[in-house]
Amino acid sequence: MGCGRLAPSPTGAQHLGNARTYLLAYWAARNEGQRLLLRVEDIDSPRVKPWAIQQAIDDLRWLGIEWDEGPDMGGPHAPYLQTERRDRYEIAVQTLVEANQIYPCTCTRRDIADAGSAPHFEHEGPLYPGTCAAWSVGDPLPDPGTYCWRFRVRDEVVAFDDQVCGFQQCNPAQHLGDFPITQKSGNISYHLAVVLDDGEMGITQVVRGDDLLPSTFRHLELANALRIEKPAYAHVPLVLGPDGRRLAKRHGDTRLSHLREQGVSPERIVGWAAASAGLTDHDTPIPAKAMIQQFCWQRLNRFAVVVAESDLQ
Ligand code: GLU
């Protein structure tokens, strides 16, 4: 049996765009008879807001999304927390050091920018110029706190089939460059945590926003180095504000907690999410569970949807 996941980042309130992605992940998993787990991605300190963890769980429950399991942390529906898994991430870093897959990098953002390599993907920074890449396992380490661990990517074409976006390919060395998997503070990066979690939790299908599409090649690189089975990917279109930019505070209050307080029903949000994704013909209120049968990847719109707070009042 396959397994999907809901992976909220509690760095702030969850908004309509997040809701749509979670609903799609829920429908996709249940439509295909998969399990679904909840993993709170709370290692991104200091951006994590402690109140946002419970709020994200409340939002998901309010929407009518049901998940299956979590660790033995206070109930069958308790989530996995990444902060509880730091030991696992440390072990993976050690494995990668021993395999000479990562090297300590003391470069600053400025150093990398000054090296002048061109970024390939939109919104991505310049390619890492390889300044620290000559290090190999056994060489002395720089002083603690002065370096991050940087992953050596392959100089070959990597490809995968995305359920929504179709065939994707990239040469990680030419288009992404070596990337950090820890910060200088020692914090673990999202990339390493998510790949290890998905592997160890038996995730077979990842449904997430298409802003993460370029990062998937980093994830494939990490999975390959750690000998982790790769999940199937479905990168779903984002929800944008009326100015065509990614949904954010400036677009009005689209926080789910706010809409809830305003008396908007969860069925209203679900109906909008289903219709805006192309899964139904009319934007009418519907319970989340009722959409499971109707879910169909082929019907899903490939384009981003624009929403304003007033659309749901
Ligand atoms: N936690 C990420 C987010 O909320 C999603 C990461 C993932 O699905 O891989 O944007």
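We're numbering straight along the sequence, starting at 1. When a ligand or atom number is given, it counts from 1 through the structure's own listing order. All heavy atoms count here, side chains included; hydrogens, waters and symmetry mates do not.
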Check your understanding: So, Arg35 and Asp68, do they make that salt bridge, N to O below 4.0 Å?
Key -> no
**Study point:** Aromatic contact, Tyr147 with Tyr103 (centres under 6.0 Å)
**Key:** no
Practice item. Give the numbers and elements of all ligand 1 atoms closer than 4.0 Å to a heavy atom of Arg208. Key: 7 (C), 8 (O), 9 (O)
Review point. For atom 8 (O) of ligand 1, which protein heavy atom lies nearest, and how many Å away is it?
Key: Arg5 NH1, 2.6 Å
Revision key, fill the gap. Near Ala7 (heavy-atom distance under 4.0 Å), the atoms of ligand 1 are 1 (N), 2 (C), 3 (C), 4 (O), 5 (C)
Exercise for review: Give yes if a backbone or side-chain nitrogen or oxygen of Leu212 is under 3.5 Å from a nitrogen or oxygen of ligand 1, and no if not.
Suggested key: no
**Study point:** CD/Glu156: more than 12 non-hydrogen atoms of other groups inside 6.0 Å
**Key:** yes
Point to revise | Which residue and heavy atom of the protein sit nearest atom 6 (C) of ligand 1, plus the separation | key: Glu41 OE1, 3.3 Å
Practice item. Report yes or no: do Tyr22 and Gln14 form a side-chain donor-acceptor pair below 3.5 Å? Key: yes
Point to revise | Nearest-neighbour protein heavy atom for atom 3 (C) of ligand 1, which is reported as residue plus atom name and distance | key: Ser9 OG, 3.6 Å
**Study point:** Donor + acceptor pair across side chains of Asp42, Thr83 (<3.5 Å)
**Key:** yes
Practice item. Provide the number and element of each atom of ligand 1 under 4.0 Å from a heavy atom of Val194. Key: 9 (O)
Check your understanding: Does Tyr190 reach ligand 1 with a nitrogen or oxygen that is under 3.5 Å from one of the ligand's nitrogen or oxygen atoms?
Key -> yes
Point to revise | Check ion pair Arg299-Asp281 (N to O, under 4.0 angstrom) | key: yes
